[in-house]
Amino acid sequence: MGRLHPRGSASATAATLSTLSSSSSSSHFAAVVEGRRAAAPATGHRKKNTLFSTASTSSDHHDGSQDKEKISVTFVNKDGTEQTISVPVGMSMLEAAHENDIELEGACEGSLACSTCHVIVMDVNYYNKLEDPTDEENDMLDLAFGLTETSRLGCQVIAKPELDGMRLALPAATRNFAVDGFVPKPH
């Protein structure tokens, strides 16, 4: 399902772990940071090491992900051309579009802070198979260019088997209020 997105650098993570280990002198713990083990100094007696990691190994994903079920989704581009792609179940349409070089912006990287991944579900029957939009998604959709009754944010449309064959239209334009160098003027 969701992936972890590190918020800081490895050195920041190591510094945080160092601070945690030095503040907890009664316990000895270790951490795994980008494949390297960083341990607190020994306290004179041996305790079981606990390993923490935000990184996954390739063996963690050997659950048949190559055989993972996929659905077919067609994106209708701004110029009317169509591109049909295979999307793994559980992946957002934003991620699928980016992996297939489809021009779906996603300025906030799927954090529900913009409307640039706005898509239009072309068939109401497929729209009705989607989870209802959250209040946060509806707030962002209110800012979208060319809003329709079947508009959704691509980051919130998650592939599932009943969506096989869905068609998504990309609007003619997007509204990105946080473009480079933009500074809002006070009213």
Side-chain angles (χ1 to χ4, degrees), residues 1-9 12 54-56 60-61 63-187:
M1 296 278 176
R3 288 186 268 178
L4 293 176
H5 296 285
R7 298 270 182 213
S9 66
T54 57
S56 61
D60 291 343
H61 296 292
D63 59 346
S65 58
Q66 275 120 1
D67 300 329
K68 192 170 191 177
E69 187 177 356
K70 293 186 176 187
I71 65 168
S72 174
V73 177
T74 300
F75 283 86
V76 180
N77 295 307
K78 298 169 189 177
D79 62 3
T81 61
E82 296 185 3
Q83 185 175 350
T84 301
I85 62 172
S86 290
V87 181
V89 169
M91 179 180 276
S92 76
M93 294 304 116
L94 175 63
E95 291 174 290
H98 287 178
E99 285 189 4
N100 290 278
D101 297 322
I102 294 171
E103 291 187 33
L104 186 59
E105 188 174 342
C108 74
E109 299 178 355
S111 65
L112 277 174
C114 75
S115 63
T116 61
C117 66
H118 170 218
V119 294
I120 300 165
V121 182
M122 297 182 72
D123 183 337
V124 72
N125 292 323
Y126 282 106
Y127 180 85
N128 290 334
K129 293 177 184 179
L130 297 172
E131 298 291 324
D132 288 337
T134 63
D135 289 341
E136 293 83 5
E137 181 180 0
N138 280 328
D139 289 346
M140 289 299 108
L141 280 169
D142 287 343
L143 306 173
F145 179 85
L147 189 65
T148 71
E149 289 295 318
T150 60
S151 288
R152 291 298 298 267
L153 295 181
C155 64
Q156 300 302 301
V157 177
I158 308 299
K160 55 186 181 179
E162 53 269 31
L163 298 178
D164 187 40
M166 180 172 58
R167 294 168 47 87
L168 299 173
L170 302 181
T174 61
R175 288 190 180 129
N176 185 353
F177 295 108
V179 293
D180 292 342
F182 175 76
V183 177
K185 295 181 181 179
H187 297 294

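Keep in mind that this is a model prediction, so the values were computed, not measured. Numbering starts at 1 and runs along the sequence shown.
Once rounded to the nearest 0.5 Å, the distance linking CG of Leu163 with CE of Met93 reads 6.5 Å. Note: Leu168 CG to Ser151 OG = 11.0 Å, rounded to the nearest 0.5 Å. Here the SG atom belonging to Cys114 is positioned 9.5 Å from the CG atom belonging to Leu143, to the nearest 0.5 angstrom. Leu170 CG to Glu105 CD: the interatomic distance, rounded to the nearest 0.5 Å, is 11.5 Å.
The backbone N or O of Ala107 sits less than 3.5 Å from a side-chain atom of Thr116, completing a donor-acceptor pair. Thr150 places no side-chain N or O within donor-acceptor distance of the main-chain N or O of Val124, the cut-off being under 3.5 Å.
For Asp79, the side chain to side chain contact (heavy atoms under 4.5 Å, CB included) test picks out Asn77, Thr81, with sequence neighbours left out. Lys160 is linked by a salt bridge (Lys or Arg N to Asp or Glu O under 4.0 Å) to Glu131, Glu162, counting only residues two or more places apart in sequence or in another chain. The side chain to side chain donor-acceptor pair (under 3.5 Å) test applied to Ser92 returns Glu95, not counting sequence neighbours. Listed by chain and number, the residues in a side chain to side chain donor-acceptor pair (under 3.5 Å) with Glu137 are Arg152 (sequence neighbours excluded). Applying the side chain to side chain donor-acceptor pair (under 3.5 Å) criterion to Asp164, with sequence neighbours excluded, gives no partner residue. With sequence neighbours left out, the side chain to side chain contact (heavy atoms under 4.5 Å, CB included) criterion links Ala113 to Cys108, Ser111. Listed by chain and number, the residues in a side chain to side chain donor-acceptor pair (under 3.5 Å) with Glu82 are Arg167 (sequence neighbours excluded).
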Donor-acceptor pairs are to be reported for all side-chain atoms of residues 83-91 against protein atoms at under 3.5 Å, with residues two or more places apart or in another chain.
unit_1 : atom_1 : unit_2 : atom_2 : d
Gln83  : NE2    : Asn100 : O      : 3.3
Thr84  : OG1    : Thr74  : OG1    : 2.8

